[in-house]
Amino acid sequence: MILIIDLCYRKNSLSYDEFVKPIEKIVKNDYTVKHFTKITKKDIKKSDKIILCGNALMDFEFMKRVKDFEWLKYYSKPILGICAGTEIVNLVFNGKLKKDIFIGMKNIKINPNKLTDKEELEVYEIHSYSLKIPKEFEKLSGNNEIIKHKEKEIYCLMFHPEVRNEDMIRNFIK
Amino acid sequence: MKLAVLFSGGKDSCYSLYKAMQKEKVVCLISLISENKESYMFHTPNIELVELQSKLMNIPLVKTSTKGKKESELKDLEKAIRLAVKKHKIEGIVTGAINSVYQSSRMQKICRRLKLWCFNPLWQVNQEDYLKELIKNEFEIIITGVSAYPFDESYLGRKIDNDIIKELIELKNKYHINPAFEGGEGETLVVNCPLFRKKIEILKSEKEYKNHSGVYIIKKAR
């Protein structure tokens, strides 16, 4: 079962359709969605993979509760972070965030990985920060648009793969 | 949260309004009246009817006109949004963007500048499911503009029902059109929906059509 984590400002928010529903549409089967304030130990234990979704540019509610995500450090199965999801993983592993607003499409060069065999991608980014990555992670693209944990299957994207790069999500859940 | 909906009177802005009202407080609609028929961001046929729609829903309308040139219409939009902030103390904007990164990034940038939330409740929807959802939720929609092959004059003024959805899906498979017209293949007008006090009655209309491009102009309605 894939645990999709909603990082929007409240459960069943107006942002849900924009940031969580598109992920559900791609994952299709065998998933459950939980708002970040409602995750239980049982949810985590039952999951085989986790996707942490993005949220709105003005939404920083999740950042008030970084400590609630400490368990991510000890989770041994694959994790995919998307934008806000990536920021949370980065913070939990003691990485830093640098103010860096970007909105729109962008071409990036990347090292092929489990999510894509392409060396160049056109991606949709909408974020307020870029990453200063933790020592446990390596970068797979120039400005840390994709980073990966050196040992674990933790992939973090600073762009939205649900827009124009849906295959990356399909490859993650394979 | 107090929100404004970017409103053209077509199905996408009307349905995003409907969705927004279920979760937050919509305090006004914002409409840009474009003098340019090929407006980059703003739909044009029958835009004047937003006034009637706003009355039928009892939601105030903030309306500004624009010459409709590529970047100046964005400045005009920003002006209209600033006016809505001042007049209605809005904290965010709702748009009907489905898949256009052009449209959504420009709105996101304006919202960012004005420190407003930006919501796109139809973002990435499956267009076929979305059209069916509109009918299920009792949205009565007519086609008011076409601008792509193979749409002929007969589509102008036609109501969106299950038959036309089937047709649009077939056309999608054959000609790669967007069934919900996100690529600008057509324009729509909502004549009735659960938010309206009553259905819009079209009293006088005419069609203009040439080379796969045409508009259904509503001359008189109430």
Side-chain angles (χ1 to χ4, degrees), chain A residues 4 6-28 35 51 53-62 82-84 99-108 121-129 159-170, chain B residues 1-6 12 15-27 71 74 78 81 85 90-130 133-134 137 182:
Chain A
I4 298 176
D6 171 0
L7 290 173
C8 300
Y9 58 101
R10 67 156 195 259
K11 190 175 184 271
N12 199 21
S13 70
L14 185 53
S15 291
Y16 174 88
D17 286 347
E18 186 175 348
F19 295 99
V20 185
K21 226 171 167 185
I23 308 295
E24 289 180 66
K25 193 178 88 180
I26 298 165
V27 173
K28 271 186 191 163
H35 188 257
I51 300 178
C53 300
N55 65 12
L57 206 52
M58 288 285 283
D59 191 346
F60 301 106
E61 277 306 305
F62 69 105
I82 298 171
C83 206
K99 201 92 189 147
D100 178 18
I101 298 158
F102 189 90
I103 298 166
M105 295 299 291
K106 186 183 189 183
N107 280 306
I108 58 167
L121 280 180
E122 196 184 10
V123 296
Y124 181 59
E125 286 187 24
I126 162 165
H127 55 74
S128 305
Y129 300 103
F159 55 89
H160 287 269
E162 70 274 24
V163 183
R164 309 285 190 269
N165 289 291
E166 297 179 13
D167 275 347
M168 294 181 83
I169 297 174
R170 288 191 197 102
Chain B
M1 206 183 300
K2 284 183 177 177
L3 302 178
V5 174
L6 198 57
D12 302 341
Y15 198 59
S16 58
L17 162 67
Y18 176 72
K19 291 200 115 182
M21 285 174 79
Q22 291 165 9
K23 306 272 174 81
E24 301 291 345
K25 191 173 180 194
V26 176
V27 293
E71 291 307 324
L74 287 171
E78 193 168 326
I81 296 174
V85 171
I90 58 162
E91 300 160 88
I93 296 286
V94 181
T95 90
I98 295 178
N99 197 31
S100 161
V101 287
Y102 172 84
Q103 200 185 349
S104 77
S105 357
R106 271 150 188 84
M107 269 314 296
Q108 293 278 6
K109 282 178 187 169
I110 293 175
C111 287
R112 169 81 213 170
R113 246 193 323 274
L114 303 180
K115 296 192 169 54
L116 293 172
W117 286 68
C118 184
F119 294 102
N120 303 284
L122 306 181
W123 192 235
Q124 305 296 303
V125 287
N126 173 299
Q127 298 193 27
E128 193 179 329
D129 294 344
Y130 165 52
E133 202 178 309
L134 286 167
N137 285 308
E182 249 273 294

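Below, all heavy atoms of this structure are taken into account, side chains as well, without hydrogens, waters or symmetry copies.
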Does a salt bridge link B/Lys23 with A/Glu18, judged by any charged N lying under 4.0 Å from a carboxylate O?
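Looking at B/Lys23 and A/Glu18, the cut-off is not met.
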
Step by step, work out the side-chain contact (heavy atoms from CB on, under 4.5 Å) result for B/Asn99 and A/Arg164. CA-CA 9 Å; B/Asn99 197 31; A/Arg164 309 285 190 269; 3.0 Å; yes

Is B/Leu3 close to A/Leu14 at the side-chain level, that is, under 4.5 Å between some pair of heavy atoms?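 Yes, side chains in contact.
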
Looking only at heavy atoms, what is the nearest atom pair of [X] and [Y], with distance?
{"X": "B/Val125", "Y": "A/Lys25", "value": "C-NZ, 3.9 Å"}
{"X": "A/Ala56", "Y": "B/Cys118", "value": "CB-O, 4.5 Å"}
{"X": "B/Arg112", "Y": "A/Leu57", "value": "CD-CD2, 3.7 Å"}

| message | So that I know where these two stand, are A/Phe19 and B/Trp123 an aromatic pair - ring centroids less than 6.0 Å apart? | response |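 No: the rings miss the under 6.0 Å criterion.
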
Q | Under 4.5 Å from any heavy atom of chain B - which part of A/Tyr9 | A |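 Interface part for A/Tyr9: side chain.
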
For A/Ser128, is it the side chain, the backbone, both or neither that has a heavy atom under 4.5 Å from a heavy atom of chain B?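 Just its side chain gets close to chain B.
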
For the CD atom of B/Gln22 and the CG atom of A/Asp17, what is their distance to the nearest 0.5 Å?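 Answer rounded to 0.5 Å: 9.0 Å.
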
*What do the steps show when you test A/Tyr124 against B/Ser104 for side chain to side chain donor-acceptor pair (under 3.5 Å), and what is the final call?*
CA-CA 11 Å; A/Tyr124 181 59; B/Ser104 77; 3.0 Å; yes

Query raised in the report: So among B/Lys109, B/Met107, B/Arg106, which one has a side-chain contact (heavy atoms from CB on, under 4.5 Å) with A/Ile103?
Result: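 That would be B/Lys109; it is the only one of B/Lys109, B/Met107, B/Arg106 passing the side-chain contact (heavy atoms from CB on, under 4.5 Å) with A/Ile103.
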
Q.
Taking every non-hydrogen pair under 4.5 Å, which of B/Lys115, B/Met1, B/Gln124 racks up the most with chain A?
A.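 Option with the top pair count is B/Gln124.
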
